[in-house]
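Data first, discussion second: the structure below is written as structure tokens.
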There are 2 protein chains.
Amino acid sequence: MLATNIYRGVVDSEPGGRRGRTRALLLECALDLFEQQGYERTTVAQIASAAGVTEMTFFRHFAAKERLVVEDPYDPVIAGAVAAQPRTMAPLARAVAGLRAAWGRLPEPESAAVRRRVRIAAATPSLRAAISANNAATEQILVDQLVADGADPGPARVAAAAVLAGLTAALLDWSQRDGVALTDVVSAALDTLEGRR
Amino acid sequence: MLATNIYRGVVDSEPGGRRGRTRALLLECALDLFEQQGYERTTVAQIASAAGVTEMTFFRHFAAKERLVVEDPYDPVIAGAVAAQPRTMAPLARAVAGLRAAWGRLPEPESAAVRRRVRIAAATPSLRAAISANNAATEQILVDQLVADGADPGPARVAAAAVLAGLTAALLDWSQRDGVALTDVVSAALDTLEGRR
DNA sequence: GGTTGAAATGTTAGCCACTAACATTTACCG
DNA sequence: CGGTAAATGTTAGTGGCTAACATTTCAACC
């Protein structure tokens, strides 16, 4: 989900063939432009031309402009961690416990790069919307793990949505503070979601 | 927020001058078309022409296509209700308590009309994103009320985001079940957010 | 080393949401 | 009935995105 969302794009663009390089170049030019003049006021044509490439080529590497900032999740870890929590717990507590466990198993993100992208997202309403749209898949996985079989899926849906939204809020918050570790922010968010002060 | 979001558009289109009528007509034609062929595959030009009007006129009544389904909140009630909760509570619990109190003071929505719109939203990813984008203003109000002055706003942000997302999930869920009262679904969602089963 | 085949890129044309500037009609009020 | 403002129309354009088809580039193979 969220954090994973963000650094995925950096990870899987293994520099190798021409393809990987063009993609990385587009990404770099785009982030520079976004930081200079904002996401909305930056045009895909501008990005493409800055990378010495055609607009069409841009869309061959990124299905949409927002994909430069918001990436797809990789969620099997989360699913497993949530499933491993005792079924006796209430859905919200169970989701939180699962995510706490999952967080320990995820690689520590390349903070600087992540922060750069999340900062842009935090400053751009349409991108924040894109993030929640992007969380839909992870949310579904969470729901699948949380719903007691044969029972009302309502509570599971509510808990899944709440936890992901809370974590996303924490991530956006983190991107705008300096000198705070992402791990601490996430941990605090999970505390809050458990009803602690 | 959410529910209020949705029936607002129906409420404030008081049939009166030509303006109100054109707006209502556009809305009705649009919802019909959305239900018949889906939101994405319905074009603004189609809607306008079904209402016997120009595309330009459409945008004079609705700032964007999504505004046909997702509306702006009216939040002073929420702000007051949350502020009225004792500051000794943890942020999540305080937000939930405030919303529970606010819910009692809100007018019971015209269920059929609301359900129609929420159903469309539930079936359309981009509209679900639009809903959360639309919740941003309400979320900010919640945060303002939840943050202890001089303290870290992080927990307040997390709690506000989680509660709104949870309620939105409940609303989407409700739209797809028949014979369940919105009030019950909301109440159950607030329970879940308080950590109950 | 030249040939070939596939991957990467380019070109053109077009759809759709949305905006701006300006012209026209409609309805109501004095 | 005339005048005025709101409501609508017209035209032209921008930006994200897609489709269909042509072209280049690179690399493996002969």
Side-chain angles (χ1 to χ4, degrees), chain A residues 12-31 33-34 36-70 72 120-121 124-131 133-134, chain B residues 12-27 29-31 33-34 36-72 120-121 124-131 133-134:
Chain A
D12 64 9
S13 58
E14 316 286 351
R18 186 177 32 163
R19 168 139 211 149
R21 203 163 309 153
T22 305
R23 187 190 153 96
L25 184 57
L26 279 166
L27 186 57
E28 185 127 353
C29 293
L31 293 186
L33 286 167
F34 292 164
Q36 287 167 26
Q37 50 182 19
Y39 175 85
E40 304 280 11
R41 278 178 305 189
T42 301
T43 226
V44 169
Q46 272 175 48
I47 297 168
S49 122
V53 118
T54 298
E55 203 173 332
M56 191 66 250
T57 296
F58 171 90
F59 285 108
R60 291 213 177 87
H61 288 276
F62 298 91
K65 187 185 172 191
E66 59 180 51
R67 286 301 190 89
L68 288 161
V69 182
V70 180
D72 276 327
I120 295 169
T124 313
S126 72
L127 285 179
R128 294 204 274 165
I131 289 181
N134 199 58
Chain B
D12 65 9
S13 59
E14 317 284 352
R18 184 177 33 164
R19 169 141 210 146
R21 203 165 308 150
T22 305
R23 187 189 153 96
L25 184 57
L26 279 166
L27 186 57
C29 295
L31 293 186
L33 286 168
F34 292 165
Q36 287 166 25
Q37 49 182 17
Y39 175 86
E40 305 279 13
R41 277 177 305 190
T42 302
T43 228
V44 169
Q46 271 176 48
I47 298 167
S49 122
V53 116
T54 298
E55 202 174 334
M56 189 68 251
T57 295
F58 172 90
F59 285 108
R60 289 211 179 87
H61 288 277
F62 297 91
K65 188 185 171 190
E66 59 180 49
R67 286 300 191 88
L68 289 161
V69 182
V70 179
E71 278 287 334
D72 276 327
I120 295 169
T124 313
S126 73
L127 285 179
R128 294 204 274 165
I131 289 181
N134 199 57

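Naming: A, B, ... by sequence-line order, numbering from 1 per chain.
Remark: A:Phe58 pairs with A:Phe62 by the ring pair (Phe, Tyr, Trp, His ring centres under 6.0 Å) rule, at least two apart or across chains. Partners of A:Ala133 under the side-chain contact (heavy atoms from CB on, under 4.5 Å) rule, at least two apart in sequence or in another chain, are B:Ala129. Here A:Ser126 pairs with A:Glu40 under the side chain to side chain donor-acceptor pair (under 3.5 Å) rule; sequence neighbours left out.
Considering all non-hydrogen atoms of both residues, A:Val69 and A:Ile120 come closest at CG2-CG2, 4.3 Å. Taking each heavy atom of B:Arg23 and B:His61 in turn, the nearest pair found is NH1-O, 3.2 Å.
One finds the CG atom of B:Leu127 at 11.0 Å from the CG atom of B:Asn134 (value rounded to the nearest 0.5 Å). Going from atom CD of B:Glu71 over to atom CD of B:Glu66 covers 10.5 Å, rounded to the nearest 0.5 Å. Rounding to the nearest 0.5 Å places CG of A:Leu26 at 7.5 Å from CG of A:Leu68.
For C:dG10, the OP1/OP2 oxygens have a side-chain nitrogen or oxygen of A:Thr54 closer than 4.0 Å. OP1 or OP2 of C:dA17 sits under 4.0 Å from a side-chain N or O of B:Thr43. Within the structure, every side-chain polar atom (N or O) of B:Thr57 is placed at least 4.0 Å from both OP1 and OP2 of D:dA7.
Across the protein-nucleic acid pair, A:Arg41 atom CZ and D:dT14 atom P stand 18 Å apart, rounded to whole Å. If you measure from atom CZ of B:Phe62 to atom P of D:dT8, you get 12 Å, rounded to the nearest angstrom. For the pair A:His61 NE2 and C:dA7 P, the interatomic distance rounds to 14 Å; values are reported in whole Å. Summarising the geometry, the separation between CD on B:Gln37 and P on C:dC16 is reported as 11 Å, rounded to the nearest angstrom. Atom pair B:Leu127:CG and C:dA17:C1' shows a separation of 14 Å (rounding to whole Å applied). One can place OH of A:Tyr39 at 8 Å from P of D:dG16, the figure rounded to the nearest angstrom. For the pair B:Leu33 CG and C:dA17 P, the interatomic distance rounds to 12 Å; values are reported in whole Å.
For residues 37-56 of chain B, every residue pair satisfying the ring pair (Phe, Tyr, Trp, His ring centres under 6.0 Å) rule, not counting sequence neighbours, is listed here: B:Phe34-B:Tyr39.
An angle of 10°, rounded to 10°, separates the two end axes of the helix from C:dG1-D:dC30 to C:dG30-D:dC1, each defined over five pairs.
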Listed pairs, N/O of protein and of nucleotides 18-22 of chain C, under 3.5 Å:
{"from": "C:dC18", "atom 1": "OP2", "to": "B:Lys65", "atom 2": "N", "distance (Å)": "2.7"}

Pair up each side-chain donor or acceptor in residues 44-54 of chain A with any protein partner under 3.5 Å, not counting sequence neighbours, and list the distances.
{"from": "A:Gln46", "atom 1": "OE1", "to": "A:Gln37", "atom 2": "NE2", "distance (Å)": "2.5"}

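Using a 4.0 Å heavy-atom cutoff across all strands shown, A:Thr42 reaches sugar-phosphate atoms only and no base atom.
Shown for residues 45-53 of chain A: no residue has heavy atoms falling under 4.0 angstrom of DNA chain D.
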